[in-house]
Structure formats: structure tokens, C-alpha cells
Amino acid sequence: MSQQPLNPKAAEYWRANLRLMAILLAIWFAVSFGAGILFVDALNQIQFFGFKLGFFFAQQGAIYVFVGLIFFYAWKMNRIERQYEVDEE
Amino acid sequence: MSVQAWTYLIVGASFALYIGIALWTRVASTKDFYVAGGGVHPVANGMATAADWMSAASFISMAGLISFMGYDGSVYLLGWTGGYVLLALLLAPYLRKFGKFTVPDFVGDRYFSDTARLVAVVCALFVSFTYVAGQMRGVGIVFSRFLEVDITTGVIIGMAIVFFYAVLGGMKGITYTQVAQYCVLIFAYMVPAIFISMLLTGHVLPQSGMGGVLADGSGTYLLDKLDGLNVALGLAPYTDGSKGMADVFCITLALMVGTAGLPHVIVRFFTVPKVRDARKSAGWALLFIAILYTTAPAVATFARVNMIDTINGPDSVGTLYEEAPTWVANWEKTGLIKWEDKNGDGRMFYAGDARNEMTIDRDIMVLANPEIANLPAWVIALIAAGGLAAALSTAAGLLLVISSAISHDLLKKVVMPSISEKQELLFARIAAAVAIGIAGLLGIYPPGFVAEVVAFAFGLAAASFFPAILLGIFDKRTNAHGAVSGMIAGMVFTIGYILYFKGIFMTPMAANVKENWLFGVSPEGIGSIGMLINFAVAIVVSRLTPPPPQHVQDLVESIRIPRGAGSASHIAH
């Protein structure tokens, strides 16, 4: 299949994007499904202020991390796009 | 002033505001009507998305559900927020670059097939109508409980307001009303929460109050007290929950993926000027949502402690009915609280076992919360305005999806492509008006299965749209055959499983209990498995059939690169 990317750096840009995405989605999974569900019993042995830690992740902690992840992604992608010259004019 | 006078004042003022915005944002083009001209600031879009997303269920019902479910309620908190990460990373920027008006637009163009487009239109209509019926019902309930008009009148007033700004202003009117509605609803939610947090724990922030020490001088953590109360009343500890882990996992996943696949949420990201704005806007949206979603679990704990203390009394022997606070009688009238003196001692008692004498509707935990905590009348009135804002904003967003699915995806793209923009706009307005009428009827005469089909809406969005859109962006090899057979397989499996256990239109074929479930997954979580089936079928079928034509592959290349994104438009590239 012949590909004619719009920009020579487009393929590299796409790989950088996928790499960043994989890291952030791993964190997304770890704080919600990991800390809040799969390992919740183990983490509940740890006290975090008035919360059991696993319960805290399931009802509050994961949500804070989600917000951080999206803003970090938005910021980092702007830099990556400038680096590979695919940003919007 | 009385509670009712305050309610009329606050609700009236908020309605006047929405109508003012509607007059200011009248539109004349389809681009304005469908995507607000593509010029919405990312922060404003974030607020509008938050209001669009947070429905009557989030505002009125969620804290109550969590209050009764404890740890198990986390599925809603995680599920209805985590989806925004998927949306921001996997969908929103690419759909914005694609730059058309609707979700079926993307599915139809990417898979170069009117069959795919029609399957997407059917899913969008089904999901949106299911949802909107619940919102109009919510409007009716708030009206009848706080303003003491009957539900039908309440629904008609709600319909008239939505009609005004949705039909006149389209997406533009809806967007700016939603911004106002977000402000109303978040203020209404936070004020009582902060009051109660300070009374109960001395913390100003409910989020930290939830993990704080009780202010009654006992030195006990709030959550420890709640765990103790639950166990003493014959329930599982509040922070442990009782659902199976596989089920919690699958429900959370289905809600997350379903959120990311809901057309009325996705379409909001078509309204921002640039690709990078779509990413940033998703961040703002989740931040605005998180303010309510991290407060809700705190409200759930406060309300539960207050409720148990009031009903069972400080020494847990029950409160004499004659000495009960006025809110008990107030809400008994609405049927949301029922007391049956089983042991004949004249005292009310709440428990998780045979000692229980109370029937308590979950919605009361938010609606009656300010009364239970003895807050001033204007705070109680705020709840009514907030609940209405939440229901109306979501209803409007859904009506726009319904209207654009009919006028744009069905009429313009398939049935009569030769109509002018002006005619299309007229059809869009007529479709919106008809949709409001149907939604109102569903609100006045709610079919018994409304609550049941909400699981459908998320399960279907997860099992149909999400895989088709994701593969459309990330896998160039996926073709129309793969996408269509994947969507149909995912939907048939999910609908089949839900009907098998829940019946809805017929007698269920098996008891809806853990022992009968596939891998221990309940019908609420089955969308996750439906999604996996969709992915598997789409990938395998695509590999066995010819690759998509070159111009489609070029389209995929182009949506991956932000450069060259104009604003959303009709014009094919």
C-alpha cells in the first residue's frame, strides 16, 4: 500500500503520539481499575487521612488523576506537534 | 420568605436568564445550528459539555445511589469520569480534525457506506431518546415536589423553555444556555454540601470533610463511624461493598466506554475552533464535572450519617414518630419516605435486616438533604433550580443530536441530497420541535422501562459507536464490512443479553442473579463484553475482505495530523 503522508515527519509524529498515549492510558488504568478495583483490598490496609487508600482512589483519587492526565496530554501534544511541524497554523 | 416563595423566585430568575440567552443567540445557518459556528471558546465548551453530560441522574440521583451502595457506588464515579480520558486521548481531537457535524457523518464517510451511516443513525436516535425521556421525567418531578404543580404542567413548562432556545438557537443557543446552567447547577450542588460538611466535620471542602473527623467531639473518622453504623444495622461495611470484582470491573468499563461513545458528548467537540482546543476543552470539561463528582461521594456519606442519626436517634433505639422532624412528614406526602410500625413501639427504625421499618427513596438524599441538615429556605430552593438546570441542559443536547440525525444524516445525506441549506435548517428546526414533543410525551406518560433502558444506552454506545470510531482512526485496514458487522454483532449480543435477564418487552428468560450471569457480569456491565466482541468481529472481518479504497485511507492519514484543520463544515475536502 502506498502511503503519501502530508508531511515527511507525520509518521514520526504519529509514533510519538502513540507512545505518549500508551503511557497515559497505563496510568489511567492503574489508578482506576488497578487501585480502585483489582487491588482495592490490599490498598485498603493503608490508612490515608480518614480514608482507606483503595476506597479513596475509587471515590476521589482516580478522578483527580484523570483531570491531570488530560491537561498533561493537551500540553505535551502541543509541544510534540511543534516539534514535528504538524501544528495548526 | 417561605421555601416555596424562594423556589419561585430562584427558578423564575434562572428561566428568565435562559430565555434571554436564547433571544441573543438566534441562528441563520446550518453550521451555527449544528456546531455553533465552530467558534466556541474551549473553556466555555468545557462548561457546556459538563452541563450537557451531568443529567438529572447525576444531580438528583447519584449521591443517593452511592449513599445506599457505599463502595459499590464507585462504578458511577469512575465510570462517568474516566470516559473523558478516552475521549480526550482517543477520539475528540481526530473527530474535530475530521470536521463535519455529526457522529453518523464520521461513520458514514470513514466507512464510505450508507449502511454504516444508517446503523449509526439508528444507534444515535435510540440512545438519545432513551436518555431524553428520563430528563423530561426529572423536570416533571422537580416541578411537582418543589412548586407543587402537577407533573404534566411541569413537563409542559420544561418543554416550552427547551423549545425556545433549542429551536431558535440550535447548538449556539444550547451552548450558551448550558454555560449558564452549569453555573446554576454547580452552585446549587456545592452550597448545601459545604454547609453540611462544616456542620458535620468542620471542613469547608466536602472532599476533605469526607475523610475528616466528626465535629461531635468523639474523635472518630466519619467513614469509620459509617462502617460501624452499617455493620450494626446488618449491612456490609460502607467502604467494602458487596458486588463481585468482575462485575464492578465490567460495569465501570462499560460506563467509561459508553460515555466516550455518546453522540451528544462527542458532538460538543465539533464546536471548538481548533484540534488543540478539543483536547484542552476535554480537560476543562472533566475538571468542571470533577467538582460535582468528587463532592457527590462526600454528600452521600454526610446524608447517610444524618439520615440514620435522625431516624434511629442518637442511641439507636429509633425516634418517636410524633417527635420526628418536619422533613419526614413533608417527604412522606410525596411517597419518597414510608414508615410502617412493624413492632408497634411508635418509633421509626432504619436497618438492613428484618428490623427495618422504613422505605426510603434514594433521590431523597439530595432533594431533602438541606432540610435534613436544617439549612435555610433559600438553600432548599437552590436544589430545585439546580435539578432543573441539570435536566434541561442534558435534554437540549440530546434533542440536538436527534434533530441533526434526522435533518442532516438521514434527509440531507441519504433521502434528499438536493435540498438547500435553508430547507435543511427548516427541517432541523421541525425535527427538534417534534423531538421535544415526543420527549415531553415520554415524560408525561413514562413507559415502565425507562430506568431499565438506561443500562441499554451505555451498553449500546460502548458496544456500537466506540469500537467503530476508534478503529476508524487507529486502524486503516478496518473497512465497511468489518465496521458494520462489528457494530451489529456488538449490539445484538448486548441487547440480547439485557433482554435475556431483564425482559423489558417480554418475560425474562432467566432470573437476573449472579449464578446465571456470564463470567459473573450483570446486564449493566455487559456492554464491555459487547465492545470486545465488536472489536474482534470488526478486525477479523476486515482482514478477510478487501482493504478500504485509497481516498478513505488518505482521509485517515489526514485526520491524524492536526495541520490544516478548518472549522467544521459541509464542504468535502
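We use all heavy atoms of the structure for the numbers below, so side chains are in, but hydrogens, waters and symmetry mates are not.
- Heavy atoms closer than 4.5 Å to chain A are found nowhere in B/Y76, neither backbone nor side chain.
- Of the listed residues (B/V248, B/D224, B/I289), the greatest number of heavy-atom pairs within a distance under 4.5 Å of chain A belongs to B/V248.
- In this structure, no portion of A/F72 lies under 4.5 Å from any heavy atom of chain B.
- When the candidates B/V213, B/L222, B/L89 are compared by the number of heavy-atom contacts under 4.5 Å with chain A, B/L89 comes out ahead.
- Cation-pi geometry between B/R304 and B/Y238 is not satisfied (NZ or CZ under 6.0 Å from the ring centre, within 45° of the ring normal).
- Both the backbone and the side chain of B/L78 come within contact range of chain A, with heavy atoms under 4.5 Å apart.
- The residue among A/L25, A/L24, A/L38, A/V31 with the most heavy atom pairs within less than 4.5 Å of chain B is A/L38.
- For a residue to count as touching a neighbouring chain, one of its non-hydrogen atoms must lie under 4.5 Å from one of that chain's; by this rule A/F49 touches chain B with backbone and side chain alike.
- With respect to the salt-bridge test (charged N to carboxylate O, under 4.0 angstrom), the residues B/K243 and B/E524 do not qualify.
- Between B/E557 and B/K476 there is a salt bridge, since at least one side-chain N of the basic residue sits less than 4.0 Å from a carboxylate O of the acidic one.
- Within the structure, salt bridge (charged side-chain N to carboxylate O under 4.0 Å, His left out) contacts touching residues 47-61 of chain A (residues at least two apart or in different chains) are A/K52-B/D227, A/K52-B/D240.
- Heavy-atom pairs under 4.5 Å with chain B were tallied for A/W75, A/W14, A/Y13; the largest tally goes to A/W14.
- Heavy-atom neighbours of B/F68 CZ from other residues, nucleotides or ligands within 6.0 Å: above the threshold of 12.
- Note on A/E88 versus B/K274: no salt bridge recorded, every NZ/NE/NH1/NH2 to OD/OE distance being 4.0 Å or above.
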Practice problem: Determine, stepwise, if the pair A/V40 / A/N44 fulfils side chain to side chain contact (heavy atoms under 4.5 Å, CB included). | Solution: CA-CA 6 Å; A/V40 69; A/N44 274 347; 3.8 Å; yes
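- Heavy-atom distances place both the backbone and the side chain of B/M210 under 4.5 Å from chain A.
- Heavy atoms of A/Q59 lying under 4.5 Å from chain B belong to its backbone as well as its side chain.
- The salt bridge (charged side-chain N to carboxylate O under 4.0 Å, His left out) contacts involving residues 63-82 of chain B comprise nothing, where partners must be two or more places apart or lie in separate chains.
- A/L18 touches chain B through its side chain: at least one heavy atom from C-beta onward sits under 4.5 Å away, while N, CA, C and O do not.
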